[in-house]
Protein chains: 2
Amino acid sequence: MDAEKLLKAQQLKVTPQRKAILTVLQNSDAVLSAQDIFAEVIKILPGINFSTVYRNLDVLLAKGILCRITPDSGGVLYELRMKEGHHHHVICKRCGTSMPLEYCPMEDIETKLAERGFTPTEHRFEIYGYCQKCSEGGE
Amino acid sequence: MDAEKLLKAQQLKVTPQRKAILTVLQNSDAVLSAQDIFAEVIKILPGINFSTVYRNLDVLLAKGILCRITPDSGGVLYELRMKEGHHHHVICKRCGTSMPLEYCPMEDIETKLAERGFTPTEHRFEIYGYCQKCSEGGE
DNA sequence: AATGCAAATGCAAATCTTTTGCAAATGGAG
DNA sequence: CTCCATTTGCAAAAGATTTGCATTTGCATT
């Protein structure tokens with residue numbers, strides 16, 4: 001995946017900072033916090049600022065280049081969007097690896113909500129646990 | 001619902017601070033942030049401290065007296081647990097009212113996860129939108 | 001290749017939320 | 001009533017994220 005193409009496709013300027021952020025996310029199959037990302041990006045681009053990372057995460061998220069995940073344990077995690085369109089995630093609590101999920105529970109429940117007069121606009125479905133690799137090694 | 005009974009049932013000491021926190025949550029059918037709760041509790045119990053509220057929210061959560069909800073918009077919200085056992089939530093983005101949901105998507109997906117070797121330990125399913133009352137008044 | 005400007009960045013400070021250490025206070029079992 | 005583990009208040013620290021502003025930079029257009 002080409003960082004420049006990704007950015008241009010969204011009418012975003014191609015800056016070294018953005019390329020570094022995308023590189024970090026590409027090289028990780030785990031979901032990362034803003035701080036994690038900053039810690040990695042600064043290795044590539046010493047001198048980059050926190051605020052630049054935060055601002056760009058917001059921009060990339062708004063443009064749909066990233067997904068945001070918010071575990072129960074708190075915090076906000078990001079990952080490169082690997083799948084087009086709406087989807088949910090399965091996340092390993094040990095290694096942080098995230099997999100897209102080809103299933104959305106909303107279909108099953110839409111009529112039930114309609115009966116209650118509730119109009120859904122967003123929803124979230126996230127599954128945490130241990131991936132195959134991390135299960136094998138014991139808990 | 002009796003705050004004292006709730007606390008005693010969980011081997012927690014009955015303190016004015018805890019009773020005040022529970023009272024606030026009982027009188028609200030919306031989900032509240034720690035700050036919201038503090039702002040209300042201090043009206044009942046002037047002099048109560050932030051840290052007391054935070055600590056007690058953690059305790060009450062651990063004991064299963066509260067539910068924690070983390071909207072995409074960020075932040076952490078709490079509500080009195082209205083339903084025994086595992087369940088999910090439907091939350092109105094305007095008035096914050098929360099309703100328990102008698103449906104869990106995990107059943108539908110467990111085998112699919114097993115095929116991938118993933119062992120789920122926790123999951124979250126939250127639906128945001130507008131409740132009947134708030135839909136009527138227009139967006 | 002040079003120009004112009006909106007967009008992006010760095011920096012520093014501010015804000016907001018949550019946590020922690022510790023001494024004093026207190027609930028409740030015996 | 002006494003005692004002790006639990007809980008609280010306080011103050012400070014820690015952590016995460018945001019903001020204002022001057023400067024720089026990408027890039028579309030000369």
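Only heavy atoms go into these numbers, but all of them, side chains included; no hydrogens, no water, no symmetry mates. Lettering follows sequence order; numbering is per chain, from 1.
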Rounded distance in Å - [atom1] ([X]) to [atom2] ([N]):
X	N	atom1	atom2	result
B/I37	C/dT18	CD1	P	10 Å
B/D36	C/dT18	CG	P	10 Å
B/F38	C/dC16	CZ	P	14 Å
A/Q11	C/dA8	CD	P	11 Å
B/R55	C/dT17	CZ	C1'	15 Å
B/N56	C/dG27	CG	P	13 Å
B/L12	C/dG28	CG	C1'	13 Å
B/K8	C/dG27	NZ	P	12 Å

_The side chain of A/K13 is closest to which nucleotide in this list: C/dA8, C/dT9, C/dT19?_
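The nucleotide sitting nearest to the side chain is C/dA8.
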_Nucleotide of C/dT18, C/dG28, C/dA6 approaching B/V14 most closely (side-chain heavy atoms)_ =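 The answer is C/dG28, which lies nearest to the side chain.
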*Is it true that a side-chain atom of B/T23 and a backbone atom of B/K19 form a donor plus acceptor pair closer than 3.5 Å?*
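A pair under 3.5 Å: yes.
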*Under 4.0 Å between a side-chain N or O of B/Q17 and OP1 or OP2 of C/dT26?*
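So the side chain of B/Q17 is outside the cut-off, no N or O lying under 4.0 Å from OP1 or OP2 of C/dT26.
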_Taking 4.0 Å as the cut-off, does a side-chain nitrogen or oxygen of B/Y54 come that near to OP1 or OP2 on C/dT19?_
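For C/dT19, neither OP1 nor OP2 has a side-chain N or O of B/Y54 closer than 4.0 Å.
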Are [X] and [Y] close enough that a side-chain donor and a side-chain acceptor fall under 3.5 Å?
X	Y	value
B/N49	B/T52	no
A/E102	A/H88	no
B/S98	B/E79	yes

*Do the side chains of B/M99 and A/R116 get nearer than 4.5 Å, heavy atoms only?*
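They are in side-chain contact.
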What contact category does [X] fall into here, base, sugar-phosphate, or nothing, at under 4.0 angstrom with non-hydrogen atoms?
X	result
B/R18	sugar-phosphate
A/S51	base
A/G47	sugar-phosphate

*If C/dA25 has a Watson-Crick or G-U wobble mate with both distances under 3.5 Å, name it; if not, just say none.*
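In the structure as shown, C/dA25 has D/dT6 as its Watson-Crick or wobble partner.
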*Any-strand Watson-Crick or G-U partner of D/dA28, both distances under 3.5 Å*: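 Result: C/dT3.
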*Quick one: how far along DNA chain D does chain B reach, first to last nucleotide 5' to 3', anything under 4.0 Å to a heavy atom?*
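Here the contact window of chain B covers D/dA5 to D/dC10.
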*Does the side chain to side chain donor-acceptor pair (under 3.5 Å) test come out yes or no for B/R124 and B/T70, once each step is laid out?*
CA-CA 10 Å; B/R124 133 182 331 169; B/T70 59; 2.7 Å; yes
*Return the orientation label for the A/F125 and A/Y103 ring planes: parallel under 30°, perpendicular over 60°, tilted otherwise.*
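A/F125 and A/Y103: perpendicular rings.
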